[in-house]
J.: 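Below is a structure I'd like to ask you about.
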Amino acid sequence: MDKENDIKILMQRIGDNAKRASKVLALSSSKQKNNALIIAAKEIRIAHLAILEANQKDMEIAKARDLAGAMLDRLMLDEERIESIAKSIEDIAKLEDPIGDITEKNIRPNGLEISRIRVPLGVIGVIFESRPNVTADAGVLCLKSGNASILRCGSESAHSSRMIHSCLVKGLKQAGLPEHSIQLIPTQDRSAVGELLSLAEYVDIIVPRGGKSLIARVQNDSRVPVMAHLDGICHLYIDRDADIQKAIDITINAKLRRTGICGSAETLLIDENIVDSHMDKILTALKKGGCEIRGDQTVTTYFAGAIEATEEDWKTEYLDAIISVRIVAGVDGAIDHISKYGSQHTDSIITENAKNAEKFLNEVDSAIVMHNASTQYADGGEFGMGAEIGISTGKMHARGPVGLKELTSYKYQVRGNGQTRP
């Protein structure tokens with residue numbers, strides 16, 4: 001049997017197992033699902049040394065392949081990050097189970113009682129690249145929301161992801177749930193992704209997390225509906241009425257706290273009225289933090305060391321210590337720039353002017369809009385969701401951080417007493 005057929009058979013079996021598991025999960029109790037999560041968190045703590053050893057293998061391979069610093073940061077695990085994974089699982093276990101919630105209920109004049117009930121989506125395929133913690137986040141969120149999951153990690157995180165996945169499976173088994181409820185595709189063969197995208201008979205939705213090329217391939221090739229997580233071209237706008245210290249602190253955090261995450265600010269917009277009072281202080285702080293400044297003509301003229309920005313810079317997700325800076329004509333200029341170049345991910349305004357803040361919040365058409373807060377808060381855990389499976393930049397089904405409720409659909413239950421339609 002040739003390799004292509006082997007992969008096809010493997011993926012068909014994974015899809016069939018996931019479908020069977022999803023039927024069990026849809027009817028499983030919250031107690032049983034939570035028990036699986038609590039055990040999984042415990043197993044991750046027990047296996048922390050093995051996970052670190054696996055991650056070291058991934059890091060060595062990644063460095064040999066000259067992966068960018070941002071990718072290495074996403075890939076790297078340490079004791080603190082492993083504990084964060086375990087705690088995130090426990091936090092999700094504590095959240096209210098959305099399955100079975102009655103979101104609407106009414107009684108019609110003819111006596112029919114109509115209820116809208118939250119139900120799982122079914123089987124969710126998640127394709128991701130270098131972040132091994134996504135193995136836990138995605139698998140656990142899918143499980144808690146009653147969905148089976150098929151996970152495809154990137155080759156960069158293969159060893160780490162396998163170790164984390166083994167802990168999740170131990171939780172499933174000990175809780176009496178199907179071990180195929182969370183499956184990690186065991187091969188790094190690229191054709192497995194193509195097969196996953198064609199499993200419309202088994203998979204209900206695909207969630208891709210990664211770079212432009214991955215997202216483009218999934219959207220172009222998938223026969224399964226896609227919940228897209230596109231570029232994080234996040235903007236920070238410093239308004240004329242911004243408090244200077246807030247502006248500095250938030251800008252430094254939004255850009256430099258972790259440059260390799262999708263909530264990192266990539267473009268800084270500054271009101272033309274505060275170039276003299278604010279710009280130099282903010283850009284000096286960024287430069288001291290090791291950030292490269294790429295600016296428009298005003299920026300390069302008045303700030304030493306700034307590099308002239310190109311048209312491409314306004315469209316770029318750097319995921320690095322680089323920021324593009326443009327001077328704009330007030331809040332309207334900022335909104336226009338974001339409308340043209342933004343990716344509808346996360347954008348923030350820094351201002352003490354309530355009117356300008358409300359205008360920005362209402363008119364910027366992004367999944368997440370903020371006032372006086374760092375764009376790095378664009379995270380499901382920070383939103384009280386425990387974790388996220390991704391941040392959806394589309395407008396269908398879910399938008400913004402995708403947590404438990406966003407991984408559900410609904411059905412209508414109609415209860416009657418012999419009614420017939422006239």
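Scope of the values below: all heavy atoms of this structure, side chains included, with no hydrogens, waters or symmetry mates. For this chain, numbers begin at 1 and follow the sequence in order.
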J.: Answer yes or no: are there more than 12 heavy-atom neighbours, outside Y302 itself, under 6.0 Å from its atom OH?
T.: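 Count not over threshold, so no.
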J.: Give the minimum heavy-atom separation between D58 and S160, together with the two atoms involved.
T.: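 The pair with the smallest heavy-atom distance is OD2-OG, 2.5 Å.
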J.: Could you tell me the separation between the CD1 atom of I124 and the CG atom of N147, rounded to the nearest 0.5 Å?
T.: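 These two atoms lie 3.5 Å from each other.
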J.: To the nearest 0.5 angstrom, please state how far the OG1 atom of T259 sits from the CD1 atom of I323.
T.: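 If I round to the nearest 0.5 Å, the distance is 11.5 Å.
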J.: So that I can tick it off, tell me whether E195 and R152 are bridged by a salt bridge, with the cut-off set at under 4.0 angstrom between side-chain N and carboxylate O.
T.: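 Salt bridge flag = no for E195 with R152.
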J.: Do N253 and S374 pair up side chain to side chain, a donor and an acceptor below 3.5 Å, judged on atom types alone?
T.: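 S374 and N253 do have a side-chain donor-acceptor pair below 3.5 Å.
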J.: Start with the C-alpha gap between I82 and D78, add the side-chain angles, then the distance that decides, and say whether side-chain contact (heavy atoms from CB on, under 4.5 Å) holds.
T.: CA-CA 6 Å; I82 291 173; D78 55 20; over 6 Å; no
J.: L143 and side-chain contact (heavy atoms from CB on, under 4.5 Å): which partner among L25, I89, I92?
T.: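 Result: among L25, I89, I92, L25 is the only option passing the side-chain contact (heavy atoms from CB on, under 4.5 Å) with L143.
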J.: If you draw a 6.0 Å radius around CD in E352, do more than 12 non-hydrogen atoms from other residues or ligands fall strictly inside?
T.: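 Buried by this count: over 12 neighbours within 6.0 Å.
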J.: Taking everything shown except F383 itself, do over 12 heavy atoms lie less than 6.0 Å from its CZ?
T.: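 Correct, the count exceeds 12.
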J.: Using a cut-off of 6.0 Å, state whether more than 12 heavy atoms not belonging to R223 lie near its atom CZ.
T.: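 Result for CZ/R223: open.
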J.: Could you list the residues that satisfy side chain to side chain donor-acceptor pair (under 3.5 Å) with S339, not counting sequence neighbours?
T.: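 If we apply the side chain to side chain donor-acceptor pair (under 3.5 Å) test to S339, skipping adjacent residues, there are no hits.
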J.: Could you check whether R116 makes a cation-pi contact with Y410, meaning its NZ or CZ is under 6.0 Å from the centre of the six-membered ring and within 45° of the ring axis?
T.: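 So R116 does make the cation-pi contact.
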J.: Show me the side-chain donor-acceptor pairs of residues 276-287 shorter than 3.5 Å, one per line, residues at least two apart or across chains.
T.:
unit_1: H278; atom_1: NE2; unit_2: A242; atom_2: O; d: 3.1
unit_1: T284; atom_1: OG1; unit_2: D280; atom_2: O; d: 2.6
unit_1: K287; atom_1: NZ; unit_2: A304; atom_2: O; d: 3.4

J.: Indicate whether any N or O donor in one side chain lies under 3.5 Å from an N or O acceptor in the other, for N34 and K94.
T.: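 Per modelled atom types, N34 and K94 side chains form no pair under 3.5 Å.
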J.: Determine, stepwise, if the pair D189 / S191 fulfils side chain to side chain donor-acceptor pair (under 3.5 Å).
T.: CA-CA 5 Å; D189 194 298; S191 64; 2.6 Å; yes
J.: Walk me through it: do H159 and Q56 pass the test side-chain contact (heavy atoms from CB on, under 4.5 Å)?
T.: CA-CA 9 Å; H159 295 92; Q56 185 59 38; over 6 Å; no
J.: What residue among V218, D221, I185 forms side-chain contact (heavy atoms from CB on, under 4.5 Å) with L196?
T.: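 Output: one option passes, namely I185.
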J.: Taking 4.0 angstrom as the limit, do R399 and D365 come out as a salt bridge?
T.: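 Looking at R399 and D365, the cut-off is met.
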J.: List in chain and number order the residues that pass side chain to side chain donor-acceptor pair (under 3.5 Å) with R20, two or more places apart in sequence or in another chain; answer none if no residue qualifies.
T.: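 If we apply the side chain to side chain donor-acceptor pair (under 3.5 Å) test to R20, skipping adjacent residues, the hits are D16.
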J.: Have a look at L184 and tell me which of V126, I150, L151 forms a side-chain contact (heavy atoms from CB on, under 4.5 Å) with it.
T.: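 Between L184 and the candidates, side-chain contact (heavy atoms from CB on, under 4.5 Å) is satisfied uniquely by L151.
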J.: Whether the R65 and S155 side chains hold a donor-acceptor pair (N or O, under 3.5 Å, no angle test) is what I'd like checked.
T.: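 There is such a pair between these side chains.
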J.: Roughly how far apart are D320 CG and C291 SG, rounded to 0.5 Å?
T.: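 Between D320 CG and C291 SG, I get 8.5 Å after rounding to 0.5 Å.
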J.: Would I99 and V119 count as a side-chain contact (heavy atoms from CB on, under 4.5 Å) here? Give the steps.
T.: CA-CA 5 Å; I99 302 305; V119 297; 5.6 Å; no
J.: Show every side chain to side chain donor-acceptor pair (under 3.5 Å) that has at least one partner inside residues 168-183, sequence neighbours left out.
T.: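 Passing the test, one end in residues 168-183: E43-Q174.
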J.: Considering only heavy atoms from C-beta outward, does the side chain of V331 approach that of Y237 to under 4.5 Å?
T.: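 Side chain of V331 against side chain of Y237, heavy atoms only: contact under 4.5 Å found.
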J.: Could R45 and E83 be called an ion pair, given the rule that one side-chain N must be under 4.0 Å from one carboxylate O?
T.: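 Yes.
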J.: When rounded to the nearest 0.5 angstrom, what distance separates CD1 in I350 from CD1 in I244?
T.: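 Here the interatomic distance stands at 11.0 Å.
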J.: Give the C-alpha distance, both sets of side-chain angles, the deciding distance and a yes or no for side-chain contact (heavy atoms from CB on, under 4.5 Å) between Q12 and Y202.
T.: CA-CA 8 Å; Q12 288 281 338; Y202 302 111; 3.2 Å; yes
J.: Hey, what's the ring geometry for H235 with H337, parallel, tilted or perpendicular (30° and 60° as the breaks)?
T.: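 Rings of H235 and H337: perpendicular, as their planes differ by over 60°.
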J.: Ignoring hydrogens and geometry, is there a side-chain-to-backbone donor-acceptor pair from Q413 to S115 under 3.5 Å?
T.: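 Absent.
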J.: N372 and S348: which non-hydrogen atoms are nearest, and at how many Å?
T.: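 That closest heavy-atom pairing would be N-OG, 4.3 Å.
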J.: So T408 and R118, side chain to side chain donor-acceptor pair (under 3.5 Å) or not? Walk me through it.
T.: CA-CA 6 Å; T408 66; R118 284 195 187 278; 3.1 Å; yes
J.: For the atom pair NZ (K63) and CE (M59), what is the distance rounded to the nearest 0.5 Å?
T.: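 That separation rounds to 4.5 Å.
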J.: Apply the test salt bridge (Lys or Arg N to Asp or Glu O under 4.0 Å) to residues R131 and E129: give CA-CA distance (whole Å), side-chain angles for both, the deciding distance (0.1 Å), then the verdict.
T.: CA-CA 6 Å; R131 294 178 66 176; E129 292 181 331; over 6 Å; no
J.: Is atom CD of E96 surrounded by more than 12 heavy atoms (other residues, nucleotides or ligands) closer than 6.0 Å?
T.: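 Count not over threshold, so no.
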J.: Applying salt bridge (Lys or Arg N to Asp or Glu O under 4.0 Å) as the test, list every pair that has at least one member in residues 153-165; sequence neighbours left out.
T.: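 Qualifying pairs: none.
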J.: Check D101 with K405, please: is the shortest side-chain N to carboxylate O separation under 4.0 Å?
T.: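 Looking at D101 together with K405, the answer is no, because their closest N to O distance does not fall below 4.0 Å.
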J.: Between D97 and K33, does any side-chain N to carboxylate O distance fall below 4.0 Å?
T.: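 Yes, this pair counts.
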J.: Please check if the side chain of T351 supplies one atom and the backbone of N353 the other of a donor-acceptor pair under 3.5 Å.
T.: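 Judged by distance alone, yes, a pair lies under 3.5 Å.
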J.: For C153 versus A158, what's the shortest heavy-atom pair and its separation?
T.: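 Smallest heavy-atom distance, with atoms named: SG-CA, 3.9 Å.
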J.: Do the side chains of P208 and F128 get nearer than 4.5 Å, heavy atoms only?
T.: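 No, their side chains stay 4.5 Å or more apart.
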J.: Within the 4.5 Å heavy-atom criterion, are R81 and N133 side-chain neighbours or not?
T.: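 No, every pair of side-chain atoms sits at 4.5 Å or beyond.
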J.: Check for a donor-acceptor pair, side chain of E266 on one end and backbone N or O of Y318 on the other, with a separation under 3.5 Å.
T.: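 Judged by distance alone, yes, a pair lies under 3.5 Å.
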J.: Does S157 have any side chain to side chain donor-acceptor pair (under 3.5 Å) partners at least two apart in sequence or in another chain, and if so, which?
T.: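 In terms of side chain to side chain donor-acceptor pair (under 3.5 Å), with neighbours along the sequence ignored, S157 is linked to S161.
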J.: To the nearest 0.5 Å, what is the distance between CG on L269 and CG on D239?
T.: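 CG of D239 is found 11.5 Å from CG of L269.
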